[in-house]
Amino acid sequence: MQIARNPALADIRVEDDRTGLSIETLKRAFLDNLFYIQGKFPRLASKNDYYMALAYTVRDRLLQRWLSTAATYTENASRTVAYLSAEFLMGPQLGNNLINLGIYDAVKQAVEELGLDLDELLEQEDEPGLGNGGLGRLAACFLDSLATLEIPAIGYGIRYEFGIFSQGIRDGWQVEITDKWLSRGNPWELARPEWAVEVKLGGHTETYTDEHGQRRVRWVPYEVVKGVPYDTPLLGYRTNNCNTLRLWSAEAPESFDFEAFNSGDYLGAVYDKVTSENLSKVLYPNDNLSQGKRLRLAQQIFFVSCSLQDMLRILQQQQVPITDFAKKFTIQLNDTHPSIAIAELMRLLVDERGLPWDLAWQITQNSFAYTNHTLLPEALECWDLAMFEQMLPRHLQIIYEINHHFLEAVRAKFPNDNDRVARMSLIDENNGRRVRMAHLACVGSHAINGVAALHTELLKQDVLRDFYEMYPEKFQNKTNGVTPRRFVLLSNPRLSKLITGKIGDNWVRHLDDLRQLESYVEDASFREEWWKTKHTIKEELAAYIKQHNGITVDPYSIFDIQAKRFHEYKRQHLNAMHIVTLYNRIKRNPNIDITPRTFIFGGKAAPGYFIAKLIIKLINSIAEVVNNDPDVRDRLKVVFLENYSVKFAQRVYPAADLSEQISTAGKEASGTGNMKFALNGALTIGTLDGANVEIREEVGAENFFLFGLTAQDVYALRASGYDPSHYYHNDWELKEVIDRIASGDFSRGDRNLFQPLLESLLNWDTYLLLADYRFYVDCQERVSQAYRNREHWTRMSILNSARMGKFSSDRSVRDYCRDIWKVQPVKVSLDKQLF
Ligand SMILES: *Cc1c(COP(=O)(O)O)cnc(C)c1O
């Protein structure tokens, strides 16, 4: 609100078109943006024009808060979290911004009064799919929680021109379609070309003596790439704190263009420009796999160097001395992807700012903390040393120097233990020389954390054991969480309304308050409402499935959902084996009494991961047979929902009765899908893996379907010489499942199609499906029995939601703030004079 300046009008309050929140003002601003930004009048405007006009209307309201936030943080030179992540899987922005601004209902009414439907406009938004799965989504949840908790923070990453591919399904196979998410423009970002920086690549190093007689190193690069920041404002829930997601886009620097141009090599200059731009062209679509590709390393140094230079610029702008770098910034490394930052900050401090090594090292260690995300050996990044040296010659020298100091410390602590020294070295000398990024991250950080209690224990005992013995004080656990704003309030309005009607809306910020629902568990009418709400949401998903897949599903059946990346360790094929087991039982006795189920799958496979793609094909092949066999009588349905994404996740999690969290124990670091399901009232069938362990502790063992080997059992079984064929020969029902898949019954008689998958299971079974099969199938039988008692099931469902408070990302972020970041909230008010 602004007071009109004309004294004659002193009592008239005029709402500003760019900040006002009343329905009338929102309507006027919306039409204004349609006219002046989209350049359309209503009769010619498309749905996308309307979406864009609304997005700009909302962005204007964010900008007021964003600038107030920037002004406040700058004035206070606030300590700031810099969250470095190669992935941010943000999801659509419009709905979340409406929720956090508190204008969802007002905007809904405003657009209705203009004859439009908000849901249709929300549907228009192409989400920025700048991540693969859980790791990128965690970064996004943390940014929402940071702003909500009023913590100064910047998310730093890459503005990939093509995000994760769109998945299509053709003849049951996954096909990949490039994700042109920017093609219709991105209303949420602002380019900041004035803060562009340059990143060097390749070339060689030289030593020289500076004016103080100090020996210094200078890096003469082969090429230079320009990084241009694009900023997206991220508003907290009902706070004025609007933090920044700063993503770097690669461009050719003008100076390089001109040189080539003057020499007459016009096409060469254009070629260089194109290759520079390749750096931020596409997200690597691998989840939990490092391929060691050169372009990927280039992407990492690119965004890391841009981000560190940006922090140095901010430091200078706020007149903070360089020696206080670690007081101004606390930098979190989201996995090893940005861990080259440790060498890069050393280079910036020592080579470019002339700091002595020891001081620079102290600043560096005080600045960084490292989150490990995986126990899978193939996901640990190691770079071929020759390639690394070619691209980053100076960084390799710095890593050698760090390694030298580090290994001396190892020898001092563990004398005469050369094996240990070789195991811990930053350079792996055994597999063709390679640079071990996880080791660099451990040495250069003051804190190292796993993402669930079990994961952190396994890091300490196994993957990072040597580092735990070296630096026990660095290790801590920070169990993951998810934001209840996006994953309940926005995505599940029906359940949110029911909950808020009972306990008020404090749970949105204080998720522990959901505990108050426990007192309604014995209230039969509340249970009835809960069940009906879930049922309505299931009907909505059923309608979506009918529309998109042409399959009729029964909303009274168990909605049994597995939605996550396709990976052998996540064992979607174990789920498929259960489906075939039930199918076999029906074929043997068509009149068998079976609890109806709808099996729903969603998820992408990495394009180069053949077995994961074959598992998708298997599920679709089973679906084709099961869904159309008259003997089944519609009691089982199998549905594959294509193109799993955040938009999609928001539709799927609320509709689940049963959440499949069935990874091989010891393989899933945490999981966050497990949290989103349970929070929305799904029961979990799961192994003792990742955060499942803690979810079960919270919701109670009696409200969780546990099965299978423990991580210890897995180690012991492997050590004793695991023979999968033993299980095949000793469990006739298992044998029948494998034999039917092998027979061609699901592949129109083709007996070869699924052989690679079956051979791998019978000969190696790396992820122990056959060992867990019987436990799993029997546990599923308990699920089926439990579902028949609607009252009992509903009690368990309510208790799952009620007891999930721990898994809010607000709790995770508070834990990081307290134990690692040592950062305090900063209040932002809107009365600040900005002009
Ligand atoms: C939560 C989420 C994930 C992570 O799921 P997991 O089951 O923990 O692997 C992956 N993708 C999307 C889109 C998500 O929302």
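Each ligand, and each atom within it, is numbered from 1 in the order the structure gives.
Aromatic ring orientation, Phe707 versus Tyr776: tilted (interplanar angle from 30° to 60°). Between Tyr544 and His548, the ring planes are parallel. Angles under 30° get that label, and only those over 60° would be called perpendicular.
Put simply, the side chain of Lys546 does not reach to within 4.5 Å of the side chain of Ile551, judged on heavy atoms. The side-chain heavy atoms of Leu769 and Leu761, taken from C-beta on, include a pair separated by under 4.5 Å.
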Tell me which donor-acceptor pairs under 3.5 Å the side chains of residues 608-616 have, and how far apart each pair is, sequence neighbours excluded?
unit_1: Tyr609; atom_1: OH; unit_2: His567; atom_2: ND1; d: 3.4
unit_1: Tyr609; atom_1: OH; unit_2: Glu568; atom_2: N; d: 3.1
unit_1: Tyr609; atom_1: OH; unit_2: Glu568; atom_2: OE1; d: 2.7
unit_1: Lys613; atom_1: NZ; unit_2: Glu176; atom_2: OE2; d: 2.7
unit_1: Lys613; atom_1: NZ; unit_2: Pro607; atom_2: O; d: 2.8

Quick one: table the atom pairs, ligand 1 N or O against protein N or O, below 3.5 Å, distance rounded to 0.1 Å.
unit_1: ligand 1; atom_1: 7 (O); unit_2: Lys564; atom_2: NZ; d: 2.8
unit_1: ligand 1; atom_1: 8 (O); unit_2: Thr672; atom_2: N; d: 2.8
unit_1: ligand 1; atom_1: 8 (O); unit_2: Gly673; atom_2: N; d: 2.9
unit_1: ligand 1; atom_1: 9 (O); unit_2: Lys570; atom_2: NZ; d: 2.8
unit_1: ligand 1; atom_1: 15 (O); unit_2: Lys676; atom_2: NZ; d: 2.6

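A donor and an acceptor atom, one from each side chain of Gln650 and Arg486, are located under 3.5 Å apart.
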